Number of protein chains: 2
Amino acid sequence: MTYQMALAALSDPTRRQVFERVLAAPQPVGLIAAGLPVSRPAVSQHLRVLKEAGLVDERRRGTRRLYVANPQALGELRAAIEAMWREALAGMAARIDEEMER
Amino acid sequence: MTYQMALAALSDPTRRQVFERVLAAPQPVGLIAAGLPVSRPAVSQHLRVLKEAGLVDERRRGTRRLYVANPQALGELRAAIEAMWREALAGMAARIDEEMER
DNA sequence: GACTAACGTTAGTTATGACTTACCAAATGG
DNA sequence: CCATTTGGTAAGTCATAACTAACGTTAGTC
């Protein structure tokens with residue numbers, strides 16, 4: 001159920017870059033924005049989407065806010081994709097078997 | 001590299017439904033559209049996007065076209081998501097270790 | 001060789017969402 | 001306290017993309 005939000009969140013290229021930076025190391029917003037070709041508010045908005053999808057958590061550190069990747073939502077997405085993958089493999093195997101019969 | 005297109009392709013809810021139907025069994029366009037609240041051309045367009053992302057293959061069967069899920073693109077997406085997942089887990093473990101030191 | 005079935009394509013509309021600029025809030029340092 | 005740093009929020013703009021309706025296309029069928 002939640003994996004759909006994670007999928008949608010990671011579908012945007014810029015937002016995926018934001019997430020990958022957070023993944024590499026917990027960072028404040030300003031630092032993330034400094035390495036990207038978009039403004040800081042844009043990064044803030046992306047982080048909100050990532051947070052709503054459960055992919056990211058927020059830690060207030062004084063006036064800064066560290067964003068940290070959350071493995072759980074990513075794990076659910078992983079499981080969903082893997083289930084689809086297995087289903088595709090099974091379907092392919094079944095089709096090959098049908099082919100063999102002839 | 002291709003996993004980004006797969007990610008974008010699966011981010012749309014309707015398109016994900018289309019893909020899951022194809023995943024369950026190879027089907028012609030009309031049959032897919034019959035079970036969804038959108039028109040047949042819309043399904044055709046979704047299938048084109050899925051095809052460009054490598055998630056789906058096309059088999060012409062006379063006047064019909066069977067769409068079949070392709071495990072490969074799904075496998076690449078799976079690998080990419082799994083890599084991110086592991087990275088998130090590693091980061092979390094490292095943070096817990098730091099916590100222990102204090 | 002028309003007719004039909006099944007489908008892709010095009011054009012046009014509309015809604016969504018990514019982005020920037022300007023503004024506001026909270027915490028820290030002098 | 002006042003200024004600075006850091007960052008979220010609001011409003012507005014613009015591009016993208018999802019959808020429908022109409023049309024074109026190909027392969028079987030009588």
Side-chain angles (χ1 to χ4, degrees), chain A residues 2-70 73, chain B residues 2-70 73:
Chain A
T2 310
Y3 89 97
Q4 301 185 1
M5 293 185 64
L7 250 180
L10 291 178
S11 69
D12 181 73
T14 303
R15 191 157 51 227
R16 194 168 42 240
Q17 285 188 319
V18 170
F19 180 66
E20 281 172 359
R21 305 229 165 194
V22 172
L23 206 54
Q27 295 177 49
V29 180
L31 189 60
I32 300 174
L36 293 178
V38 295
S39 68
R40 185 189 48 75
V43 173
S44 265
Q45 290 164 6
H46 283 308
L47 284 169
R48 174 167 54 177
V49 174
L50 290 170
K51 202 168 104 182
E52 285 171 356
L55 288 168
V56 146
D57 289 331
E58 187 185 323
R59 298 196 177 177
R60 313 215 173 185
R61 211 76 149 198
T63 167
R64 302 195 179 166
R65 311 193 181 186
L66 284 184
Y67 284 90
V68 185
N70 182 350
Chain B
T2 311
Y3 89 97
Q4 302 185 0
M5 293 186 64
L7 207 54
L10 292 178
S11 68
D12 181 74
T14 303
R15 192 156 48 226
R16 193 168 45 240
Q17 285 188 319
V18 170
F19 180 66
E20 280 172 358
R21 304 228 165 197
V22 173
L23 206 54
Q27 295 176 49
V29 180
L31 189 59
I32 300 174
L36 294 178
V38 295
S39 69
R40 185 189 49 73
V43 173
S44 265
Q45 290 164 6
H46 283 307
L47 284 169
R48 176 169 51 178
V49 174
L50 290 170
K51 201 169 104 180
E52 285 171 357
L55 288 168
V56 146
D57 289 329
E58 186 184 324
R59 299 196 177 179
R60 314 214 171 184
R61 211 75 151 195
T63 166
R64 301 195 181 166
R65 311 195 180 185
L66 284 183
Y67 284 91
V68 185
N70 183 350

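The structure presented is a predicted model; accordingly, all values stated were derived computationally and were not measured. Chain letters run A, B, ... following the sequence lines, proteins first, then strands; residues in each count from 1.
- For the salt bridge (Lys or Arg N to Asp or Glu O under 4.0 Å) test, residues two or more places apart in sequence or in another chain that qualify with Glu58(B) are Lys51(B), Arg60(B), Arg65(B).
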Anything under 3.5 Å between a protein N or O and an N or O of nucleotides 24-30 of chain C, put it in a table, one pair a line.
none

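- Scanning all heavy atoms of the two residues, the minimum distance from Pro26(A) to Val68(A) falls at CB-CG2, 4.0 Å.
- First and last contacting nucleotides of DNA chain D toward chain A (any atom under 4.0 angstrom from a heavy atom, 5' to 3' order): dT5(D) to dA10(D).
- Using modelled atom types and a 3.5 Å distance limit, the side chains of Arg21(A) and Gln27(A) yield no donor-acceptor pair.
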So Val22(A) and Leu50(A), side-chain contact (heavy atoms from CB on, under 4.5 Å) or not? Walk me through it. CA-CA 11 Å; Val22(A) 172; Leu50(A) 290 170; 5.8 Å; no
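- For the residue pair Thr2(A) and Ala53(A), the shortest heavy atom distance occurs at CG2-O, 3.9 Å.
- Within residues 27-56 of chain A, the residues that have a heavy atom under 4.0 Å from DNA chain D are, in order of number, Pro28(A), Val29(A), Gly30(A), Arg40(A), Pro41(A), Ser44(A), Gln45(A), Arg48(A).
- Scanning residues 6-23 of chain A for heavy-atom distances under 4.0 Å to DNA chain C yields Asp12(A), Thr14(A), Arg15(A).
- Taking every heavy atom of both residues into account, Leu23(B) and Ala69(B) meet most closely at CD1-CB, 3.5 Å.
- Shortest non-hydrogen contact noted between Leu7(A) and Leu10(B) is CD1-O, 3.7 Å.
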Side-chain donor-acceptor pairs under 3.5 Å in residues 38-46 of chain A, sequence neighbours left out?
residue  : atom : partner  : partner atom : Å
Ser39(A) : OG   : Ala42(A) : N            : 3.4
His46(A) : ND1  : Arg15(A) : NH1          : 3.4

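- Among all heavy-atom pairs drawn from Ala8(B) and Ser11(A), the shortest one is CA-CB, 4.1 Å.
- For Ala9(A) against Val49(A), the heavy-atom pair with the smallest separation is CB-CG1, 4.1 Å.
- Taken from CD1 in Ile32(A) to CD in Gln17(A), the straight-line distance is 11.5 Å, to the nearest 0.5 Å.
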